[in-house]
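Below is one structure, written out as C-alpha coordinates; comments come after it.
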Amino acid sequence: SKRLGGVNFHRYQPAMNQITEKQMTLQSDLYRALERNQFSVVYQPKVCMSTGYIVGAECLLRWKHDSLGMISPAIFIPLAESSGLIEPIGEWVLSMACHQSQFWRKEGLPPFLMSVNLSGRQLQRNTLATKVKNIIEIAGICPDQLELEITETFLMQDIDSSLQLFNEIKALGVRLAIDDFGTGYSSLSYLNRLPVNTLKIDRSFIKDLPESKEKVGLVKNMIQMSHDLDMSVVAEGVETREQLDTLKHLHCDEIQGYFYSPPVSAEQFRTLLVNQPLP
Ligand code: C2E
Ligand code: CA
Ligand code: CA
Ligand code: CA
(Lines give C-alpha, C1' and ligand atoms only; values in the text may rest on other atoms or scores of the structure.)
(Ligands and ions follow the chains in the order given, each with its own letter.)
Protein backbone atom coordinates (compact mmCIF):
# COMPACT_ATOMS: atom_id res chain seq x y z
CA SER A 1 0.00 0.00 0.00
CA LYS A 2 1.13 3.53 -0.71
CA ARG A 3 -0.60 5.01 2.31
CA LEU A 4 2.51 4.84 4.50
CA GLY A 5 2.95 8.54 5.01
CA GLY A 6 -0.75 9.47 4.95
CA VAL A 7 -1.41 12.84 3.41
CA ASN A 8 2.21 13.87 3.58
CA PHE A 9 3.29 10.88 1.57
CA HIS A 10 2.08 12.34 -1.68
CA ARG A 11 3.46 15.74 -0.95
CA TYR A 12 6.99 14.85 0.17
CA GLN A 13 7.94 11.41 -1.08
CA PRO A 14 8.49 12.29 -4.76
CA ALA A 15 10.69 15.24 -3.86
CA MET A 16 12.82 13.13 -1.54
CA ASN A 17 13.27 10.51 -4.24
CA GLN A 18 14.40 13.16 -6.66
CA ILE A 19 17.08 14.45 -4.32
CA THR A 20 18.43 10.97 -3.64
CA GLU A 21 18.46 10.04 -7.31
CA LYS A 22 20.13 13.28 -8.25
CA GLN A 23 22.84 12.76 -5.64
CA MET A 24 23.40 9.17 -6.71
CA THR A 25 23.63 10.18 -10.35
CA LEU A 26 26.08 12.96 -9.49
CA GLN A 27 28.18 10.55 -7.47
CA SER A 28 28.45 8.06 -10.32
CA ASP A 29 29.06 10.86 -12.84
CA LEU A 30 31.86 12.08 -10.57
CA TYR A 31 33.58 8.72 -11.00
CA ARG A 32 33.89 9.33 -14.73
CA ALA A 33 34.52 13.08 -14.60
CA LEU A 34 38.32 12.79 -14.48
CA GLU A 35 38.65 10.49 -17.50
CA ARG A 36 36.06 12.56 -19.38
CA ASN A 37 38.13 15.71 -18.84
CA GLN A 38 35.28 17.52 -17.13
CA PHE A 39 37.46 19.07 -14.46
CA SER A 40 39.34 22.30 -14.81
CA VAL A 41 40.98 24.74 -12.43
CA VAL A 42 40.76 28.49 -11.97
CA TYR A 43 43.12 30.82 -10.13
CA GLN A 44 42.24 33.64 -7.76
CA PRO A 45 44.92 36.26 -7.07
CA LYS A 46 46.15 37.10 -3.59
CA VAL A 47 47.33 40.67 -3.39
CA CYS A 48 49.90 42.19 -1.07
CA MET A 49 48.40 45.05 0.96
CA SER A 50 51.50 47.19 1.09
CA THR A 51 52.62 46.91 -2.55
CA GLY A 52 49.39 46.09 -4.40
CA TYR A 53 51.14 43.28 -6.27
CA ILE A 54 49.87 39.78 -6.89
CA VAL A 55 51.88 37.58 -4.55
CA GLY A 56 49.85 34.40 -4.77
CA ALA A 57 47.14 32.40 -6.45
CA GLU A 58 44.62 29.99 -4.99
CA CYS A 59 43.88 27.13 -7.35
CA LEU A 60 40.17 26.22 -7.26
CA LEU A 61 38.54 23.18 -8.85
CA ARG A 62 35.66 23.41 -11.35
CA TRP A 63 33.42 20.64 -12.66
CA LYS A 64 31.47 21.00 -15.87
CA HIS A 65 28.89 18.24 -15.99
CA ASP A 66 27.86 17.30 -19.54
CA SER A 67 24.13 17.85 -19.02
CA LEU A 68 23.88 19.87 -15.80
CA GLY A 69 26.62 22.39 -16.59
CA MET A 70 28.82 23.89 -13.88
CA ILE A 71 28.38 22.26 -10.48
CA SER A 72 29.48 24.14 -7.38
CA PRO A 73 32.41 22.72 -5.38
CA ALA A 74 30.16 23.15 -2.35
CA ILE A 75 28.06 20.33 -3.84
CA PHE A 76 30.62 18.01 -5.43
CA ILE A 77 33.57 18.30 -3.01
CA PRO A 78 31.55 16.69 -0.16
CA LEU A 79 30.45 13.95 -2.61
CA ALA A 80 34.06 13.39 -3.64
CA GLU A 81 35.08 13.23 0.02
CA SER A 82 32.44 10.71 1.05
CA SER A 83 33.24 8.44 -1.90
CA GLY A 84 37.02 8.62 -1.54
CA LEU A 85 37.31 10.21 -4.98
CA ILE A 86 38.81 13.31 -3.44
CA GLU A 87 42.18 11.54 -3.36
CA PRO A 88 42.69 11.07 -7.12
CA ILE A 89 40.89 14.36 -7.82
CA GLY A 90 42.96 16.22 -5.22
CA GLU A 91 46.18 14.83 -6.69
CA TRP A 92 45.05 15.93 -10.13
CA VAL A 93 44.46 19.50 -8.88
CA LEU A 94 47.84 19.58 -7.13
CA SER A 95 49.58 18.35 -10.24
CA MET A 96 47.80 20.91 -12.47
CA ALA A 97 48.72 23.75 -10.09
CA CYS A 98 52.37 22.70 -9.87
CA HIS A 99 52.76 22.27 -13.64
CA GLN A 100 51.09 25.62 -14.32
CA SER A 101 53.33 27.30 -11.78
CA GLN A 102 56.45 25.83 -13.35
CA PHE A 103 55.24 26.73 -16.84
CA TRP A 104 54.85 30.39 -15.89
CA ARG A 105 58.16 30.36 -14.07
CA LYS A 106 59.95 29.11 -17.20
CA GLU A 107 58.19 31.80 -19.18
CA GLY A 108 59.89 34.33 -16.93
CA LEU A 109 56.74 35.63 -15.22
CA PRO A 110 57.11 37.21 -11.79
CA PRO A 111 57.28 34.51 -9.08
CA PHE A 112 54.31 34.02 -6.77
CA LEU A 113 53.03 31.47 -4.29
CA MET A 114 50.66 28.79 -5.59
CA SER A 115 48.05 27.57 -3.09
CA VAL A 116 46.08 24.35 -3.31
CA ASN A 117 43.26 23.15 -1.05
CA LEU A 118 43.60 19.82 0.70
CA SER A 119 40.60 17.98 2.06
CA GLY A 120 40.69 16.41 5.50
CA ARG A 121 40.25 13.04 3.88
CA GLN A 122 43.54 13.49 1.95
CA LEU A 123 45.27 14.30 5.22
CA GLN A 124 44.16 11.04 6.78
CA ARG A 125 46.53 9.13 4.51
CA ASN A 126 50.05 8.67 5.79
CA THR A 127 51.25 8.61 2.16
CA LEU A 128 50.27 12.25 1.58
CA ALA A 129 53.72 13.78 2.12
CA THR A 130 55.30 11.27 -0.28
CA LYS A 131 52.65 12.04 -2.88
CA VAL A 132 53.20 15.77 -2.54
CA LYS A 133 56.97 15.25 -2.84
CA ASN A 134 56.55 13.21 -6.04
CA ILE A 135 54.21 15.72 -7.66
CA ILE A 136 56.57 18.61 -6.87
CA GLU A 137 59.55 16.71 -8.27
CA ILE A 138 57.76 15.73 -11.48
CA ALA A 139 56.61 19.32 -12.03
CA GLY A 140 60.06 20.64 -11.14
CA ILE A 141 58.92 23.48 -8.89
CA CYS A 142 60.70 24.72 -5.79
CA PRO A 143 58.80 23.45 -2.75
CA ASP A 144 58.63 26.95 -1.24
CA GLN A 145 56.53 28.11 -4.21
CA LEU A 146 53.73 25.85 -3.01
CA GLU A 147 51.33 26.33 -0.11
CA LEU A 148 48.72 23.82 1.02
CA GLU A 149 45.48 25.12 2.57
CA ILE A 150 43.83 23.05 5.26
CA THR A 151 40.62 24.07 7.03
CA GLU A 152 40.68 24.88 10.69
CA THR A 153 37.70 22.60 11.31
CA PHE A 154 39.63 19.57 10.11
CA LEU A 155 42.75 20.40 12.12
CA MET A 156 40.86 20.62 15.35
CA GLN A 157 39.42 17.14 14.86
CA ASP A 158 42.79 15.49 15.27
CA ILE A 159 45.51 17.87 16.34
CA ASP A 160 48.11 15.17 17.03
CA SER A 161 48.00 13.45 13.64
CA SER A 162 47.74 16.87 11.99
CA LEU A 163 50.92 17.86 13.79
CA GLN A 164 52.84 14.86 12.49
CA LEU A 165 51.64 15.36 8.93
CA PHE A 166 52.32 19.09 9.04
CA ASN A 167 55.86 18.42 10.17
CA GLU A 168 56.37 16.01 7.27
CA ILE A 169 55.06 18.55 4.77
CA LYS A 170 57.10 21.30 6.39
CA ALA A 171 60.21 19.12 6.06
CA LEU A 172 59.64 19.06 2.28
CA GLY A 173 59.87 22.84 2.31
CA VAL A 174 56.21 23.28 1.36
CA ARG A 175 54.26 26.05 3.10
CA LEU A 176 51.08 25.52 5.10
CA ALA A 177 48.01 27.70 5.55
CA ILE A 178 45.02 27.41 7.85
CA ASP A 179 41.87 27.98 5.78
CA ASP A 180 38.51 29.39 6.94
CA PHE A 181 40.03 30.57 10.19
CA GLY A 182 37.57 31.67 12.84
CA THR A 183 34.98 29.02 12.01
CA GLY A 184 36.58 26.17 13.95
CA TYR A 185 36.62 27.53 17.50
CA SER A 186 40.32 27.00 18.08
CA SER A 187 42.61 29.36 19.90
CA LEU A 188 45.55 30.83 18.11
CA SER A 189 47.91 29.72 20.83
CA TYR A 190 46.84 26.14 20.07
CA LEU A 191 47.85 26.71 16.47
CA ASN A 192 51.28 27.74 17.67
CA ARG A 193 52.07 24.02 17.99
CA LEU A 194 51.61 23.63 14.24
CA PRO A 195 54.27 24.77 11.75
CA VAL A 196 51.88 27.09 9.93
CA ASN A 197 53.00 30.00 7.72
CA THR A 198 49.70 31.60 6.86
CA LEU A 199 46.32 32.18 8.39
CA LYS A 200 43.32 32.84 6.17
CA ILE A 201 40.52 34.70 7.90
CA ASP A 202 37.14 33.35 6.85
CA ARG A 203 34.86 35.55 4.73
CA SER A 204 32.17 35.51 7.43
CA PHE A 205 34.37 37.88 9.48
CA ILE A 206 35.20 40.12 6.53
CA LYS A 207 31.74 40.63 5.08
CA ASP A 208 30.46 42.82 7.94
CA LEU A 209 33.50 45.13 7.97
CA PRO A 210 33.59 47.95 8.86
CA GLU A 211 29.97 48.27 10.12
CA SER A 212 30.25 45.55 12.76
CA LYS A 213 32.51 46.86 15.51
CA GLU A 214 32.52 43.36 17.00
CA LYS A 215 33.93 41.88 13.76
CA VAL A 216 36.46 44.70 13.48
CA GLY A 217 37.66 43.83 16.98
CA LEU A 218 37.83 40.11 16.25
CA VAL A 219 39.73 40.60 12.99
CA LYS A 220 42.10 43.02 14.68
CA ASN A 221 42.88 40.42 17.35
CA MET A 222 43.31 37.62 14.82
CA ILE A 223 45.81 39.71 12.87
CA GLN A 224 47.67 40.83 15.97
CA MET A 225 47.98 37.31 17.35
CA SER A 226 48.99 35.85 13.97
CA HIS A 227 51.78 38.37 13.73
CA ASP A 228 52.89 37.55 17.28
CA LEU A 229 53.11 33.92 16.11
CA ASP A 230 55.04 34.94 12.96
CA MET A 231 52.20 34.04 10.66
CA SER A 232 51.16 36.00 7.60
CA VAL A 233 47.44 36.88 7.33
CA VAL A 234 45.20 36.68 4.28
CA ALA A 235 41.67 38.09 4.40
CA GLU A 236 39.23 36.06 2.29
CA GLY A 237 36.21 37.35 0.40
CA VAL A 238 37.14 41.03 0.27
CA GLU A 239 34.47 42.63 -1.89
CA THR A 240 34.52 46.36 -1.14
CA ARG A 241 36.89 49.30 -0.90
CA GLU A 242 35.70 49.88 2.69
CA GLN A 243 36.66 46.34 3.69
CA LEU A 244 40.05 46.78 2.03
CA ASP A 245 40.68 50.08 3.82
CA THR A 246 39.70 48.58 7.18
CA LEU A 247 42.01 45.60 6.65
CA LYS A 248 44.85 47.87 5.62
CA HIS A 249 44.36 49.89 8.78
CA LEU A 250 44.49 46.63 10.80
CA HIS A 251 47.80 45.65 9.09
CA CYS A 252 46.45 42.62 7.26
CA ASP A 253 49.18 41.27 4.94
CA GLU A 254 47.22 40.07 1.91
CA ILE A 255 43.72 40.17 0.50
CA GLN A 256 41.80 37.80 -1.72
CA GLY A 257 38.33 38.48 -3.08
CA TYR A 258 36.06 39.83 -5.76
CA PHE A 259 37.18 43.40 -5.04
CA TYR A 260 40.45 42.60 -6.73
CA SER A 261 39.43 39.64 -8.92
CA PRO A 262 37.19 36.56 -8.92
CA PRO A 263 38.85 33.21 -9.69
CA VAL A 264 39.88 33.32 -13.39
CA SER A 265 41.26 31.01 -16.07
CA ALA A 266 45.01 30.43 -16.36
CA GLU A 267 45.17 32.74 -19.40
CA GLN A 268 43.34 35.53 -17.59
CA PHE A 269 45.51 35.11 -14.52
CA ARG A 270 48.61 35.37 -16.69
CA THR A 271 47.26 38.62 -18.15
CA LEU A 272 46.69 40.05 -14.67
CA LEU A 273 50.21 39.06 -13.69
CA VAL A 274 52.03 40.49 -16.71
CA ASN A 275 50.04 43.72 -16.77
CA GLN A 276 51.20 44.79 -13.32
CA PRO A 277 53.46 47.82 -13.33
CA LEU A 278 57.06 47.00 -12.45
CA PRO A 279 58.01 47.60 -8.80
P1 C2E B 1 37.66 28.07 -0.03
O2 C2E B 1 38.90 27.25 -0.03
O3 C2E B 1 37.36 28.85 1.19
O4 C2E B 1 37.76 28.99 -1.33
C5 C2E B 1 37.28 30.31 -1.40
C6 C2E B 1 35.90 30.35 -2.03
O7 C2E B 1 35.38 31.67 -1.93
C8 C2E B 1 35.90 30.03 -3.52
O9 C2E B 1 34.65 29.40 -3.82
C10 C2E B 1 35.95 31.42 -4.15
O11 C2E B 1 35.44 31.46 -5.47
C12 C2E B 1 35.06 32.17 -3.19
N13 C2E B 1 35.34 33.61 -3.17
C14 C2E B 1 36.50 34.24 -3.42
N15 C2E B 1 36.40 35.57 -3.27
C16 C2E B 1 35.12 35.81 -2.90
C17 C2E B 1 34.39 37.01 -2.60
O18 C2E B 1 34.89 38.12 -2.62
N19 C2E B 1 33.07 36.84 -2.25
C20 C2E B 1 32.48 35.62 -2.22
N21 C2E B 1 31.19 35.56 -1.89
N22 C2E B 1 33.15 34.46 -2.49
C23 C2E B 1 34.45 34.56 -2.83
P24 C2E B 1 34.59 28.08 -4.71
O25 C2E B 1 35.60 28.11 -5.80
O26 C2E B 1 33.15 27.89 -5.08
O27 C2E B 1 35.03 26.94 -3.71
C28 C2E B 1 34.27 26.63 -2.58
C29 C2E B 1 35.01 25.69 -1.68
O30 C2E B 1 35.20 24.43 -2.32
C31 C2E B 1 36.43 26.16 -1.33
O32 C2E B 1 36.36 27.13 -0.30
C33 C2E B 1 37.06 24.86 -0.90
O34 C2E B 1 36.69 24.53 0.42
C35 C2E B 1 36.39 23.87 -1.85
N36 C2E B 1 37.30 23.59 -2.97
C37 C2E B 1 37.46 24.22 -4.16
N38 C2E B 1 38.43 23.64 -4.91
C39 C2E B 1 38.92 22.62 -4.15
C40 C2E B 1 39.95 21.63 -4.35
O41 C2E B 1 40.67 21.58 -5.38
N42 C2E B 1 40.14 20.72 -3.34
C43 C2E B 1 39.40 20.75 -2.18
N44 C2E B 1 39.65 19.84 -1.23
N45 C2E B 1 38.45 21.68 -1.96
C46 C2E B 1 38.21 22.60 -2.93
CA1 CA C 1 40.99 27.68 0.40
CA1 CA D 1 38.64 29.71 2.77
CA1 CA E 1 35.41 28.09 2.73
Side-chain angles (χ1 to χ4, degrees), residues 30 33-34 38-47 54 56-64 69-101 113-125 128 131-132 135 146-155 175-184 196-209 219 222 233-244 246-247 252 254-266 268-269 272:
L30 202 52
L34 256 185
Q38 291 174 348
F39 288 119
S40 60
V41 289
V42 285
Y43 299 91
Q44 187 175 34
K46 289 181 191 169
V47 177
I54 297 173
E58 178 174 4
C59 182
L60 293 155
L61 183 58
R62 294 291 177 263
W63 179 24
K64 191 166 187 240
M70 297 304 291
I71 312 236
S72 167
I75 308 260
F76 76 79
I77 294 284
L79 280 178
E81 283 173 341
S82 62
S83 61
L85 282 169
I86 195 66
E87 289 179 53
I89 295 171
E91 280 166 39
W92 181 83
V93 174
L94 184 59
S95 173
M96 287 294 283
C98 291
H99 279 97
Q100 186 65 68
S101 178
L113 193 65
M114 181 65 87
S115 299
V116 176
N117 292 287
L118 282 191
S119 131
R121 173 106 184 205
Q122 287 174 276
L123 290 158
Q124 282 158 353
R125 289 265 182 234
L128 181 73
K131 280 192 172 143
V132 171
I135 290 170
L146 179 67
E147 186 163 77
L148 300 177
E149 298 189 1
I150 292 123
T151 63
E152 186 197 15
T153 319
F154 174 77
L155 284 181
R175 296 170 56 95
L176 288 160
I178 307 276
D179 206 352
D180 300 352
F181 187 79
T183 59
V196 173
N197 306 91
T198 309
L199 195 127
K200 298 189 76 179
I201 302 177
D202 193 69
R203 187 169 68 88
S204 57
F205 292 87
I206 309 302
K207 73 181 202 315
D208 301 324
L209 301 183
V219 170
M222 287 182 196
V233 185
V234 180
E236 297 191 304
V238 178
E239 295 182 353
T240 68
R241 161 66 62 186
E242 290 71 33
Q243 291 167 350
L244 180 100
T246 309
L247 290 160
C252 183
E254 292 166 28
I255 57 147
Q256 183 181 345
Y258 298 164
F259 180 75
Y260 187 84
S261 168
V264 293
S265 69
Q268 289 170 305
F269 184 84
L272 288 174

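When a ligand or atom number is given, it counts from 1 through the structure's own listing order.
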Just to check, does [X] reach to within less than 4.0 Å of ligand 1 when the distance is taken from its heavy atoms?
X	value
P263	yes
R62	yes
E58	yes
E81	no

Worksheet entry | Protein N, O or S atoms lying under 3.0 Å from the Ca ion (ligand 2), listed by chain and number |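 Correct list: E58 OE2, N117 OD1, E149 OE1, D179 OD2.
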
Could you name the option among [options] that has the heavy atom nearest to [atom]?
atom	options	answer
atom 2 (O) of ligand 1	D179, I75, I89, T240	D179
atom 8 (C) of ligand 1	L60, D202, V93, I77	L60
atom 23 (C) of ligand 1	W92, Y258, F39	Y258
atom 21 (N) of ligand 1	R203, Q256, R121	R203

Going by the atom numbers of ligand 1, which of them fall below 4.0 Å from some non-hydrogen atom of [X]?
X	result
V238	18 (O)
Q44	14 (C), 15 (N)
E236	3 (O)
S119	44 (N)
E239	17 (C), 18 (O), 19 (N), 20 (C), 21 (N)
G257	15 (N), 18 (O)

Worksheet item: Can you name the side chain to side chain contact (heavy atoms under 4.5 Å, CB included) partners of A177, sequence neighbours left out?
Response: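 E147, E149, T198.
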
Item to complete: Please identify each residue that fulfils side chain to side chain contact (heavy atoms under 4.5 Å, CB included) with V42, with sequence neighbours left out.
Response: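 Only L60, R62, P263 meet the side chain to side chain contact (heavy atoms under 4.5 Å, CB included) criterion with V42.
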
Using modelled atom types only, decide if a donor and an acceptor are shared between the side chain of [X] and the backbone of [Y] within a distance under 3.5 Å.
X	Y	result
Q122	S119	yes
E242	L209	no
E239	G257	no
E58	K46	no

Worksheet item: Under a 4.5 Å cut-off applied to non-hydrogen side-chain atoms, are S101 and L146 in contact?
Response: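 A side-chain contact under 4.5 Å is absent here.
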
Worksheet item: Between I54 and F269, is any pair of side-chain heavy atoms under 4.5 Å apart?
Response: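 Answer yes - side chains close enough.
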
Worksheet entry | Where C59 and N117 come nearest, the two heavy atoms and their spacing |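 Between these two residues, the closest heavy atoms are O-ND2, 3.6 Å.
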
Worksheet item: Taking all atoms of both residues into account, what is the closest heavy-atom pair of A80 and I89, and its distance?
Response: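 For A80 and I89, the tightest heavy-atom pair comes out as CB-CD1, 4.1 Å.
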
Worksheet item: Going by the salt bridge (Lys or Arg N to Asp or Glu O under 4.0 Å) test, which pairs reach into residues 88-101, not counting sequence neighbours?
Response: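 Non-adjacent pairs meeting salt bridge (Lys or Arg N to Asp or Glu O under 4.0 Å): E91-K131.
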
Practice prompt. With heavy atoms under 4.0 Å as the rule, classify the contact between D180 and ligand 1 as side chain, backbone, both or neither.
Written response: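 Side chain only; the backbone of D180 stays clear of ligand 1.
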
Discussion item. What verdict does the salt bridge (charged side-chain N to carboxylate O under 4.0 Å, His left out) test give for K200 and E236, after you've listed the backbone C-alpha separation in whole Å, the side-chain angles of each residue and the deciding distance to 0.1 Å?
Written reply: CA-CA 6 Å; K200 298 189 76 179; E236 297 191 304; 3.6 Å; yes

Item to complete: Measure the acute angle between the ring planes of F76 and F39, then classify it against the limits of 30° and 60° as parallel, tilted or perpendicular.
Response: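 The rings of F76 and F39 sit tilted, inter-plane angle from 30° to 60°.
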
